[in-house]
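Being a predicted model, the structure only gives us computed values, none of them experimental.
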Amino acid sequence: MSDHPRPAGIGGSASTARSGLGATAKRAATGRTARTAVPGRPGRSLARSLEAGRAVGARSIAGWTVLRGTIRSVTTPLGGAGVVGAIGATVIGVAVGWDEFAVGGTMLAVLVMSSAGFLVGRGDLVVTLALAESSTSVGRSVAAAVDVSRARRGAPARTVVEVPVGADLVELRVKPSGADAHRGTVEIPARRRGVVRVGPARTLRADPIGLFRRELVWTDVHELRVHPETVALPGMGTGLVRDLEGEASRDLTADDLSFHALRDYRAGDDRRHIHWKSTARTGSLTVRQFEETRRSRVAVVFSRATEDFADDEEFELVVSAVASIASCALREGRDVTVLTSPDGSPSHRGPRRRPRVVPTSGRVRMLDVLSEVGTGDDLIPLEQLAALVGSVAREVTTVFVVTGTIAGMRELRSWSSELPAGTQTIAVRCGPEERPGLHRTNALTVLTIGYLDDLRRSFARAVAE
């Protein structure tokens with residue numbers, strides 16, 4: 001059987017298969033080697049290099065911008081002229097060969113660099129600023145204490161401390177002494193109502209020639225609120241404001257101050273209100289019935305619209321009158337609401353606006369807010385403001401309408417008709433140097449004052465009547 005030859009096709013196929021598999025394996029190995037040997041794409045590396053270069057360039061530009069701004073902030077006009085002169089003289093001396101210019105430019109450059117050395121460092125000082133009070137009234141100044149000391153033991157060196165007070169600038173010169181600290185005092189005048197910004201306290205570092213000047217800020221800005229001027233009023237319990245103990249209403253209740261009638265006893269009635277004389281006479285339990293009384297609620301209304309005042313002095317008198325009336329009501333323990341024009345133009349369209357409410361939780365808090373109010377050309381005038389009072393003070397019993405001299409008696413009567421029915425209306429017309437007066441009608445009482453002290457006299461006169 002070994003003599004029979006194998007078919008050529010079978011033998012050839014096996015050899016060919018083995019040869020094909022070997023060739024395929026070589027190609028695969030060669031392909032892997034070739035792919036491994038291929039270097040990375042040059043475009044990607046170039047992009048990364050460009051991004052890194054742009055980032056470095058952006059940081060350099062930002063750093064140069066900051067440095068240039070710092071140099072400009074500490075260089076005086078004389079210092080700028082010195083820098084330009086040093087550079088110009090040196091360049092001209094070297095380029096033209098003039099030794100005098102070169103020497104002069106070099107000496108000027110040394111002077112500039114020596115002067116710049118006075119700005120190096122922050123120093124070892126500690127500067128603090130403290131106000132004796134956070135609020136005051138018109139005409140009463142407040143002291144601010146400025147303490148300067150060294151961080152290390154020793155007396156502070158000669159230092160100039162600047163303290164901005166509103167639009168003014170106060171300088172304190174601290175001289176060397178044996179004490180550990182130096183205290184300076186700054187008087188803050190309170191000439192007008194408003195908010196005075198005090199600080200920040202800063203020290204100056206400068207060279208003796210005046211080429212460079214550097215300010216170091218040490219403290220924050222403090223605010224001093226100057227309250228409006230007020231006067232103590234004699235009271236509004238009688239004569240001017242009704243219902244000292246409350247105004248009786250038509251609502252009946254089982255327990256109050258105003259007696260109404262007697263009725264038969266019902267289960268749950270308080271036995272303390274049994275009327276024993278009627279019970280003995282009729283033979284059945286009889287109890288007292290009362291009318292519910294309402295505590296006096298006072299609203300003080302004033303406008304901030306420019307059209308309602310002749311000038312700024314008139315508005316200041318209005319704010320002082322508002323503060324005095326509200327303070328009197330708070331002192332007597334009444335529920336008081338202070339209302340003024342809301343922000344926004346009179347032609348504003350949208351949801352019905354409400355008056356701006358000045359907080360009256362405390363007298364100081366109320367005066368703090370009143371120290372900031374001001375007039376505006378696009379605010380709701382008093383005529384429209386009076387119609388909005390009822391939306392805020394629904395149970396108000398007495399309304400003080402404080403206004404300027406622009407409004408006459410006709411306008412005041414018209415505005416009082418916009419207030420809730422049954423409300424007692426007292427108008428206070430404020431005009432500097434106006435002749436004081438008191439005028440009463442059935443639904444309106446008008447007080448005219450020319451000075452704030454006239455308000456005290458008008459209240460006293462109204463109470464006496």
Exactly one of Val338, Thr403, Val401 clears side-chain contact (heavy atoms from CB on, under 4.5 Å) with Phe302, and that residue is Val338
Output a table of donor-acceptor pairs, distance under 3.5 Å, between side-chain atoms of residues 163-170 and any protein atom two or more places apart or on a different chain; print 'none' if there are none.
none

Tell me the closest heavy-atom pair linking [X] and [Y], and the distance in Å.
{"X": "Leu129", "Y": "Ala144", "result": "CD1-CB, 4.0 Å"}
{"X": "Thr185", "Y": "Leu172", "result": "O-CD2, 4.2 Å"}
{"X": "Trp415", "Y": "Leu382", "result": "CZ3-CD2, 3.1 Å"}
{"X": "Ile380", "Y": "Ser341", "result": "O-OG, 2.7 Å"}
{"X": "Thr405", "Y": "Gly431", "result": "CG2-CA, 3.4 Å"}
{"X": "Val127", "Y": "Ala201", "result": "CG1-CB, 4.2 Å"}

Is the count of non-hydrogen atoms from other residues, nucleotides or ligands lying under 6.0 Å from [X] atom [atom1] greater than 12?
{"X": "Glu187", "atom1": "CD", "result": "yes"}
{"X": "Arg365", "atom1": "CZ", "result": "no"}
{"X": "Asp312", "atom1": "CG", "result": "no"}
{"X": "Met107", "atom1": "CE", "result": "no"}

[atom1]/[X] to [atom2]/[Y] distance, rounded to the nearest 0.5 angstrom?
{"X": "Ile406", "Y": "Glu411", "atom1": "CD1", "atom2": "CD", "answer": "10.0 Å"}
{"X": "Leu330", "Y": "Asp335", "atom1": "CG", "atom2": "CG", "answer": "9.5 Å"}
{"X": "His227", "Y": "Arg140", "atom1": "NE2", "atom2": "CZ", "answer": "9.5 Å"}
{"X": "Leu233", "Y": "Arg457", "atom1": "CG", "atom2": "CZ", "answer": "12.5 Å"}
{"X": "His439", "Y": "Thr448", "atom1": "NE2", "atom2": "OG1", "answer": "9.5 Å"}
{"X": "Leu108", "Y": "Thr90", "atom1": "CG", "atom2": "OG1", "answer": "8.0 Å"}

Does the side chain of [Y] come within less than 4.5 Å of [X]'s, by heavy atoms?
{"X": "Val357", "Y": "Leu339", "result": "yes"}
{"X": "Pro228", "Y": "Leu367", "result": "yes"}
{"X": "Ser371", "Y": "Val226", "result": "no"}
{"X": "Thr136", "Y": "Ser141", "result": "no"}
{"X": "Thr128", "Y": "Asp147", "result": "yes"}
{"X": "Glu433", "Y": "Tyr451", "result": "yes"}
{"X": "Thr337", "Y": "Thr360", "result": "no"}
{"X": "Met366", "Y": "Val336", "result": "no"}

With no hydrogens and no angle check, is any side-chain donor or acceptor of [X] less than 3.5 Å from a backbone partner on [Y]?
{"X": "Thr106", "Y": "Ala102", "result": "yes"}
{"X": "Glu314", "Y": "Asp311", "result": "no"}
{"X": "Arg456", "Y": "Ala232", "result": "yes"}

Side-chain donor-acceptor distances from residues 315-326 under 3.5 Å, at least two apart:
| from | atom 1 | to | atom 2 | distance (Å) |
| --- | --- | --- | --- | --- |
| Glu316 | OE1 | Arg193 | NE | 2.9 |
| Glu316 | OE2 | Arg193 | NH2 | 2.8 |
| Ser320 | OG | Glu229 | O | 3.2 |
| Ser320 | OG | Glu316 | O | 3.2 |
| Ser324 | OG | Val231 | N | 3.1 |
| Ser324 | OG | Ser320 | O | 2.9 |

So, using salt bridge (Lys or Arg N to Asp or Glu O under 4.0 Å) as the criterion, who are the partners of [X] when residues are at least two apart?
{"X": "Asp368", "answer": "none"}
{"X": "Arg197", "answer": "Glu223"}
{"X": "Arg304", "answer": "Asp343"}

- Checking side-chain contact (heavy atoms from CB on, under 4.5 Å) for the pair Thr375/Thr306: CA distance, chi angles, key distance, verdict? CA-CA 5 Å; Thr375 58; Thr306 306; 3.9 Å; yes
message: Walk me through whether Val186 and Val198 qualify under side-chain contact (heavy atoms from CB on, under 4.5 Å).
response: CA-CA 10 Å; Val186 177; Val198 183; over 6 Å; no
Contacts of Phe101 meeting ring-ring contact (aromatic ring centres under 6.0 Å, His included) (sequence neighbours excluded), chain-then-number -> Trp98
What verdict does the side-chain contact (heavy atoms from CB on, under 4.5 Å) test give for Leu412 and Arg429, after you've listed the backbone C-alpha separation in whole Å, the side-chain angles of each residue and the deciding distance to 0.1 Å? CA-CA 10 Å; Leu412 292 176; Arg429 296 179 70 250; 3.6 Å; yes
TODO: Return yes if a side-chain donor-acceptor contact under 3.5 Å exists between Arg356 and Thr340, otherwise no.
DONE: no
Apply side-chain contact (heavy atoms from CB on, under 4.5 Å) to residues Thr230 and Arg363 and explain how you reach the verdict.
CA-CA 12 Å; Thr230 59; Arg363 182 176 181 273; 3.3 Å; yes
